[in-house]
Amino acid sequence: MSQAAALHPSRLEFSLEELLASPKLDTPLIAGGVRCHGGFDGGGHYVSPRTLWRNPAVKAWQEQHLATSPTPLVEIPKDAVPPHLPSVAQAKLLLKEGVREPMVRTLTEIAIIEGFGATIRELPVPPLSSFIREDVGGTALNHLTGGLFEAHARDEAGWGEEGGHKQMWEAARDLALSKPKVPGDILMAIMGRRGNGARAGRALPQFKEEVERVLGFMTNVLIVEVFAASTFQWAEDVLSDPEVSDAPKDAADMVRNIRADESPHVEYLRTALSEISARTLIGEDGSAHNGHEVVQGLIGRSLKAVMHQRGAARREQIHASIRASAKGIVKDVEDLIRRFDELETPWQPPARYAA
Amino acid sequence: MHPIARVLRTARTAVLAGRVYASYRVLRAVDRFRGADPKARDYSALNERNAWLIYRNAVTLRGLMIKLAQVIGTRSDVFPPEYVKILSQCHDAVPARSWAEILPVLEAELGAKAGEAFAQIEQTPVASASLAQVHRATLKTGESVAVKIQYPDIEDLVRTDLANTERLCRVYERFDPQPLALMPLVQEMQKHLALELDFRREVESGERISELFRDDPAVRVPKVYHDLSGGRVITMEFLGGMKPNDKAALVAAGIDPQDVVQELMRIYTTMILARGFFQADPHPGNIFVNPHRTADGRVIPRFVLLDFGLSKELPDGFGYGLFNLMFALMTTNEGAMVRAFIELGFETKTGDTGSLLALAKAMNRRSRGGQFRGEFTDEVTEDLFNTIRENPVVKVPSDFVLVGRAFSLLSGIAHTLGGQANVLNAMAPGSADTGRRAE
């Protein structure tokens, strides 16, 4: 039992300072000379930052939800999570052939996109009573702007002198690939990533735009966090292989640490969305809407969009990166691409999410 | 330039600086003598008088003085409104040279009489700035064009001003006990101004920027007529628009000024961070804004970028380093800021990173008490340079100075419009595609 839970096992209200408080550490986490958040307890186990009260708080809110609501906690179906592209075998093939750039690019992109997770603290949340009919006291929902979003943001982008996941992913990359040169066009690849060519239509036109934005953002972030599980597994498998990684233990440990930190994010988001599911939402015209239906509709819509964004475009980007970087390293670049493609993990979105 | 004229030019600049400085010191001394608080005094009349004094000197001396006045005229966040209002005229309303003075440059560059090259050319310019003035004309084929013609004596003026600046820097470095290494910056400026005077390079730069935004309808660069352009003349498609800091005009056209601020930040972060090549002189005279109505009835801003004389190619990796610095600043991560400073080439006197950490903390301290808002506040660039001065940071990469200046000019526009750009949104995944998606 954590220090906080031992003191207050049944509390449901927490201050911002409490939700941002970290457990006492024995040793800080320093990776490749970078002081990162989190650290190790006396037993040498990794301890995530800002979890002194946050973890027991989320657990208490989940128990409260399950005890008072007929709806279970929101789940993102596991079969909706596509395998990572490139696959473990594909990444190892490239690294063994000495073609490191696609891997450097992938890890740097993960780092940057993780860092942008900090924008969650900017999300304007309208007064909950303006769109939720029932009381929200003692819920995760009631603590989103009271510490949960801020803790999430600090975890992703770092805070003060401590690095966050952005810096930890960069450290994992630099450890495994001996501080490689980052491709000069990496930001163009990210900033110029094509959208769908038009402004997406309203998902929840029955609600005010700011309500739709909050619900949509939380749903998307939850899906991204759940999908990230396959990225963690992939990175751990690749970076722990001494045949392709220059620091198999340290680099893989770093990915495990990030993975441990992400768990509270998934848990608080699914808790808050579950709490919404169990309540009645108020539309712009005052109409009542079943929270469960709204949340499930959003999840389905977001899953469909995210699943169909992947695949072909990503494959093309990796091919381009191989073509740009393998010349002079391998004799036959097109043959390498052919062998690379053969190692892709086949996957089709479940039929219920067909476009 | 005749040596006597050069000495007079130097003396005139020194006297101007002395007069402006002394005018404030004297009033403050008088107030203190009378027991009054100098801070309580209303300086607007004196500001206005001094601004006119600087303006008159700038338009007489031209050259670098106009450049300096242009910067002051943009920084409403730093300088009093009287200075901004009066000196902003230097963006594109410097008193023009006569047609008789300009015509020989045009005809020498075109190798033809003006009447042979154009169906018609207006003798009164539509704009005049630091290095050149622009005349409206019509091609024989009927297209309306803008003809940018360099002032005949500008090269000489600029060379003299640069030599004066170099001398002043040497004096500063000799007498300041802890001087900033300004000489590399002056040398960088010398290099840039030499390039700015070559209009062929400006044309190449403009076409490169146009190519960068080929798929982005939010940005347009005027098409150049190469056969009517040369080293001191550019003939280009005539495009108009509102100034980006003309809030009343923007609002009247149905454009939300905040959209202008955010879009400009996106356009510049795309050029600087992602593309590594940018138009480094975004003062309001070099940008036009036009309204565009989307299919769903919204009015969004579209931009015309002008004047690519000061365009800069950034070294490989610089954009990524700068991105890391800006990202760390916006997410209040001082440790990451220090690493980014080092990556970008900042150096401290002792090699100790303590001063860089102090610099990072100072910048964060001022960004709303450490409370993250993701906004590029007006103070950020100013704070950076102030803090660099207060700390023994001896090497600031020259590319950083040029980028910092561009962001300063943009934050000046933002301040005038009463808006703030969210830098994180401007840098976010997919942001470079925003112009197309806005359709």
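By convention in this document, chain letters (A, B, ...) are assigned in the order of the sequence lines, proteins followed by strands, and residues within each chain are numbered from 1.
Nearest heavy atoms, B:N333 versus A:G158: ND2-CA, 3.3 Å. Between B:L273 and A:L187, the shortest heavy-atom contact is O-CD1, 3.5 Å. Heavy-atom minimum distance, B:D316 versus A:K181: OD2-NZ, 2.6 Å. Among all heavy-atom pairs drawn from B:A426 and A:M191, the shortest one is O-CE, 3.8 Å.
The contact between B:Y320 and chain A is made by backbone and side chain atoms together, counting heavy-atom distances below 4.5 Å.
By number of non-hydrogen pairs under 4.5 angstrom with chain B, the leading residue of A:G163, A:G184, A:G115 is A:G115.
Using a 4.5 Å heavy-atom threshold, the side chains of A:K166 and B:T331 count as separate. With contacts defined as side-chain heavy-atom distances shorter than 4.5 Å, the pair B:F323/A:I186 does not qualify.
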Criterion side-chain contact (heavy atoms from CB on, under 4.5 Å) on B:V338 and A:E161, from CA distance to verdict:
CA-CA 9 Å; B:V338 170; A:E161 291 180 40; over 6 Å; no
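A perpendicular orientation is assigned to the rings of B:F327 and A:F116, their planes being inclined by more than 60° (bins at 30° and 60°).
B:E334 contributes atom CD, which lies 11.0 Å from atom CD of A:E162 (distance to the nearest 0.5 angstrom).
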